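This report refers to the structure that appears directly beneath it.
Just so you know, these numbers come straight off a predicted model, no measurement behind them.
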Amino acid sequence: MEGLIITLVIVVILIALITSCIKIVPQANAYVIERLGKYQSTWNPGVHFKAPFIDRVARKVLLKEQVADFAPQPVITKDNVTMQIDSVVYFKIADPKLYAYGVENPIMAMENLTATTLRNIIGDMELDATLTSRESINGQMLSTIDSATDPWGIKVTRVELKNIQPPAAIREAMEKQMKAEREKRAAILNAEGEKQSMILQAEGTKESAVLKAEAEKQATILKAEAEKQNQILLAEGKAEAIRKVQEATAQGIEMIKNAGADDAVIKLKALDSFAKVADGQATKIIIPNEIASLAGLAKGLSETVREK
């Protein structure tokens, strides 16, 4: 009975030992294996078996891209302005062995390297250049840090300046400068607007004057045409009246001739015409001898008739 129990205990121990020696490495991970304190191998994702008691997992390494967000660092620019700048570093473990044995505490080492690199770059730049050259700073930091971390098995993929905080006095001065610049741009835009408005107003006035002149010219032409037409119609009316009078006179003479009137009657008609010409306004009228004698004859006949 005791032998059976001992056998069962031994079997359980063996199973537990065998189970502990079987290791499954997850995806995107790597295990650094040491044998008797010396680097043995690097296990990739999958099932692995380690020798009991002499092999051990020295380090478990994550192969995914990681992000290290470092605290703000005080940095002095070339023109002696102290700023607080925090940065973000994106990296991957390229070699688990170097990562495990290259440097003690690789993340801390990379943080210190980032801070010193940032100070060196910003120290050669003035404040304005620092605020407007983020891409350039990021590129220089990426090149420097990536080269320095290669012996540690780290591949830096991207470096970004997360935030740049100048001193409060500098920020206040910058805000005033930006406010003045905005006011200046607003004044320029207002001036441009007023200038454009004046130009458009002048063009409108000019166009209005041209249209007014054209209208006046057209009105003058129409007025002259109307006066001309009126004079033509008036002249035509007078000509028509004269023609009517001539026609009436001609008809009267024709009727006298048709009635068989002699020269005496015609001369009397002429005398009557002279009387109408005088119309009581003329002081002297010259009458032909024939008409005068006829007038005397008519007077004599009138008196003879009156005596009878």
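- A donor-acceptor contact shorter than 3.5 Å links the side chain of T130 to the backbone of E126.
- Between atom CE of residue M83 and atom CG of residue N163 there is a gap of 11.0 Å, rounded to the nearest 0.5 Å.
- The minimum heavy-atom distance between Q140 and I121, with the atom names listed, is CB-CD1, 3.5 Å.
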Walk me through whether K179 and E183 qualify under side chain to side chain contact (heavy atoms under 4.5 Å, CB included). CA-CA 6 Å; K179 182 179 179 181; E183 291 177 351; 3.4 Å; yes
Throw together a table of side-chain donor-acceptor distances under 3.5 angstrom for residues 92-110, partners on residues two or more places apart or in other chains.
residue : atom : partner : partner atom : Å
D95     : OD1  : K97     : N            : 3.0
D95     : OD1  : L98     : N            : 3.4
Y101    : OH   : E34     : OE2          : 2.7
N105    : OD1  : M108    : N            : 3.4

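- Closest approach of P151 to A148, counting heavy atoms only: CD-O, 3.3 Å.
- In this structure, D86 has no side chain to side chain donor-acceptor pair (under 3.5 Å) partners at least two apart in sequence or on a different chain.
- The line from NZ of K228 to CG of L233 is 12.0 Å long, rounded to the nearest 0.5 Å.
- Judged by distance alone, the side chain of N29 and the main-chain N or O of V25 form no donor-acceptor pair under 3.5 Å.
- When side chains are defined from C-beta on, L161 counts as touching L118, because their heavy atoms get closer than 4.5 Å.
- Between L113 and T117 the shortest heavy-atom distance is O-OG1, 2.7 Å.
- Under the 4.5 Å side-chain criterion, counting only non-hydrogen atoms from C-beta, I15 is in contact with T19.
- Taking every heavy atom of both residues into account, D150 and I154 meet most closely at OD1-O, 3.8 Å.
- Considering only heavy atoms from C-beta on, V89 stays 4.5 Å or farther from M141 through its side chain.
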Candidate pair V32 and V57, rule side chain to side chain contact (heavy atoms under 4.5 Å, CB included), full reasoning: CA-CA 6 Å; V32 177; V57 178; over 6 Å; no
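- Side chain of S208 to backbone of G204: no donor-acceptor contact under 3.5 angstrom is found.
- At least one side-chain heavy atom of I145 sits less than 4.5 Å from a side-chain heavy atom of T114.
- Not one N or O on the side chain of N44 forms a donor-acceptor pair closer than 3.5 Å with the backbone of A30.
- In this structure, CD on Q218 lies 12.5 Å from CG on L211, to the nearest 0.5 angstrom.
- A distance of 4.0 Å separates CZ in R35 from CD in Q40, rounded to the nearest 0.5 Å.
- With values rounded to the nearest 0.5 angstrom, L222 atom CG is found 11.5 Å from E227 atom CD.
- Neither M178 nor L127 shares a network with the other; the hydrophobic side chains, linked directly or stepwise wherever heavy atoms of I, L, V, M, F, W or Y lie under 4.5 Å apart, form separate groups for each.
- By the 6.0 Å contact criterion, CD1 on I54 is enclosed, its count of non-hydrogen atoms from other residues, nucleotides or ligands being greater than 12.
- Contact record, P166 with L131: CG-CD2, 4.4 Å, taken as the closest heavy-atom pair.
- With a 4.5 Å cut-off on side-chain heavy atoms, I137 and I122 count as touching.
- Taken together through direct or relayed side-chain contacts under 4.5 Å among Ile, Leu, Val, Met, Phe, Trp and Tyr, M125 and I85 form part of one hydrophobic cluster.
- In this structure, N230 contributes its side chain and A226 its backbone to no donor-acceptor pair below 3.5 Å.
- In Q201, the CD atom is not crowded: 12 or fewer heavy atoms of neighbouring residues, nucleotides or ligands sit closer than 6.0 Å.
- No side-chain heavy atom of F91 sits less than 4.5 Å from a side-chain heavy atom of E65.
- If you take CG on L200 and OG1 on T205, they are separated by 10.5 Å, rounding to the nearest 0.5 Å.
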Would E111 and Q73 satisfy side chain to side chain contact (heavy atoms under 4.5 Å, CB included), going step by step from the backbone distance to the final call? CA-CA 10 Å; E111 180 180 4; Q73 301 291 330; 4.2 Å; yes
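- For the residue pair S87/E160, the side-chain donor-acceptor check at 3.5 Å is not satisfied.
- W152 and L62 sit in two unconnected hydrophobic clusters of ILVMFWY residues. Membership requires side-chain heavy atoms under 4.5 Å apart, directly or through other members.
- Residues V47 and K23 have side chains not in contact (no heavy-atom distance under 4.5 Å, counting atoms from C-beta outward).
- Under 4.0 Å is where a charged nitrogen must lie from a carboxylate oxygen, and between D146 and K155 at least one such pair does.
- T77 contributes a side-chain N or O that, together with a main-chain N or O of V81, makes up a donor-acceptor pair within less than 3.5 Å.
- Screening residues 42-75 for ring pair (Phe, Tyr, Trp, His ring centres under 6.0 Å), with sequence neighbours left out, gives W43-H48.
- Other residues, nucleotides and ligands contribute over 12 non-hydrogen atoms within 6.0 Å of the CD atom of E240.
- Side chains of V88 and Y90 form a contact here, defined as non-hydrogen atoms less than 4.5 Å apart.
- Across every non-hydrogen atom of S147 and S143, the tightest pair is OG-O, 3.0 Å.
- Judged purely by atom type and a 3.5 angstrom limit, R119 has no side-chain atom pairing as donor or acceptor with the backbone of I76.
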